Amino acid sequence: MKHFKEEDLLNKKIAFLRNKARGPLKKPQKKNNDKKSLLFFRVGTEFISAIIAGVLLGLAIDHFCNTRPFGVIILFLMGSIAGFLNILRVFKKDIL
Amino acid sequence: MDQEALIQQERPDAEGFKTPLHQFEVKTLVPFHVGKYDLSFTNASLCMVLTVALIFTFFLLSFRKRRLVPTKLQAIGEMIYKFVVYQLEETTGEEGRPYFPFVFSLFLFILGANLFGMVPYAYTVTSQIVVTFTLAMMVFILITGIGIIRHGRNFITYFVPEGVPKILFPLIVPIELISYLSRPISLSIRLFANMMAGHTMLKVFAMFTIVLGLWGVAPLILNMLLTMFEIMVAILQAYVFTILTCIYLHDALYLH
């Protein structure tokens, strides 16, 4: 019984190392490279949802740190910048 | 809805008047309370159960006889399968293959729920933001979990783009964080707004048809075209949700 278990473990180790020696699998390129018209569905909602996310984060920070109007204002502005970033990411393939 | 009660009071001859938003009302069919939580079986739950049952029986029937040369129903099932596999493998490659059941179920559920809402008198489940937000949060938590488990401490480097001088970090990192957190919100709002706006428009044009009498032919034809457009939007929104899930999965697996 004992040597069966060792053989099993050895086989598993061989398979694992063989898998690892195969190297990292090829990383495919991102973004939908077939249909351009689908991008327009995303533009409006990504901009608005970034602003909403910023405002919600600002309200949360205000609630916990008592910085009553400034948190929401600053994070609203940062949210709108993030919205522009989102729109940029929809159209550009490689920009981060 | 008290708007309808008001109309009934003012004009007693307007029987069965419904506002265009009446179709989104959630009615409890089987009440079921646990403590203070209302877990009743509503008409939305009924439509979700029927959607899942429909998808299940479709795939059960289409793959009953697994012929090498497929029958017509099996060909449809294979086309849907190959469609989602192609999307997933194109964006995430081989490493994203274990997540295929989740992506496939997501695609089929949203497609089924959207198309089920086009049936007259059926409830559109995805027009409630609770449902779409749950789906989007499931995707978001999965993506974040995959990223953290796979990359550990390097997960933070996702929020720092390459080639940024170190002084700008306090500005760039919160903005990237907000952009990352806006993903579930954008996923849920896109699906919810498209479905709700489409169905409200259908109902408004239907009301015009009734009010105009004989000239109601024009809104009726417009309603026909709008229904075709809504079916296209239903299928498209399911596709967009799935392809975005695949793109975020690529982000979680590789670019961290």
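On a predicted model such as this, the values are computed, not experimentally measured, just so you know. All chains are named by letter (A, B, ...) in the order of the sequence lines, taking the proteins before the strands, and each is independently numbered beginning at 1.
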Worksheet item: Checking heavy atoms, do the side chain of L244(B), its backbone, both or neither come under 4.5 Å from chain A?
Response: side chain

Worksheet item: Take atom CD1 in I48(A); do more than 12 heavy atoms of anything else shown fall under 6.0 Å from it?
Response: no

Fill in: Whether E46(A) side chain and V90(A) backbone form a donor-acceptor pair below 3.5 Å
no

Worksheet entry | Salt-bridge present (E176(B), R89(A); N to O < 4.0 Å) | yes

Fill in: N86(A)-S182(B) side chain donor-acceptor pair, cut-off 3.5 Å
yes

Practice prompt. Would you please classify the geometry between the Y180(B) ring and the F159(B) ring as parallel, tilted or perpendicular, with 30° and 60° separating the classes?
Written response: perpendicular

Worksheet, complete the sentence: Expected contact set for residues 52-74 of chain A against chain B at heavy-atom separation under 4.5 Å reads I52(A), A53(A), G54(A), L56(A), L57(A)

Worksheet item: Do the rings of F104(B) and F100(B) sit parallel, tilted or perpendicular, given the 30° and 60° boundaries?
Response: parallel

